[in-house]
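All figures in this text were calculated on a predicted structure; none of them were measured in a lab.
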Amino acid sequence: MSIDTITTIFLLLLFASAEIYRITRGLPATVIAVENEGSLTSLIHGKIRVRLMNGEETSATMDACTGCMGRIGVGSEVRVLKCQDGYNVFLPWFRVGKRSTCAVNTTECASSARRS
């Protein structure tokens, strides 16, 4: 076995173990509000309000990339991970909730639908 093969196997196992850890430690939640929509800080780390499956409502931090890639809006299903500075949002592998950007801005979606 060459060093390239060993390195590839090691990196795949490392990635798989990190993903398994992330999935098993995350709590399912539903987005109920976007707290700082439109502010400059929300371009990097936005604050959203989520309802955990036990009914508790809490604030969570979401990266802009996560929000864009997942098309996160009110009613979207996400997973949150408890960290030192609060909860962080990440996307579950299999989503059930809304995937449309229309969940956040219905007037913009309605006007774009009329144009097409």
Exercise for the section: Determine, step by step, whether L52 and Y87 satisfy the side-chain contact (heavy atoms from CB on, under 4.5 Å) criterion, reporting the C-alpha distance in whole Å, the side-chain angles of both residues, the deciding distance to 0.1 Å, and the verdict. Expected result: CA-CA 11 Å; L52 302 175; Y87 286 99; 3.9 Å; yes
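- Residue A60 comes nearest to V50 through the heavy atom pair CB-CG2, 4.3 Å, listed as atom of the first residue, atom of the second, then distance.
- Inter-residue side-chain proximity for M62 and V78 is flagged as unmet; no heavy-atom pair is nearer than 4.5 Å.
- Heavy-atom minimum distance, T66 versus V89: CG2-O, 4.2 Å.
- Pairing each heavy atom of T58 with each of R49, the nearest pair is C-NH1, 3.4 Å.
- In this structure, G26 and L81 approach most closely via the heavy-atom pair N-CD1, 4.1 Å.
- Of all the heavy atoms in R51 and E57, the pair that sits closest is NH2-OE2, 2.7 Å.
- Linking Ile, Leu, Val, Met, Phe, Trp and Tyr residues whenever their side-chain heavy atoms come within less than 4.5 Å places I6 and L13 in a single cluster.
- Hydrophobic clustering places I48 together with L27 (ILVMFWY residues linked when any side-chain heavy atoms are closer than 4.5 Å, directly or through intermediates).
- Of the inter-residue distances, the one linking N88 atom CG with R79 atom CZ reads 14.0 Å to the nearest 0.5 angstrom.
- D63 places no side-chain N or O within 3.5 Å of a backbone atom of C65 that could act as its donor or acceptor partner.
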Exercise for the section: Decide yes or no on side-chain contact (heavy atoms from CB on, under 4.5 Å) for V31 and I72, but give the supporting numbers first. Expected result: CA-CA 8 Å; V31 177; I72 302 293; 3.8 Å; yes
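- The line from SG of C83 to CZ of R25 is 12.5 Å long, rounded to the nearest 0.5 Å.
- A distance of 10.5 Å separates OG1 in T8 from CE in M1, rounded to the nearest 0.5 Å.
- With 3.5 Å as the limit, one finds a donor-acceptor pair spanning the side chains of T5 and S2.
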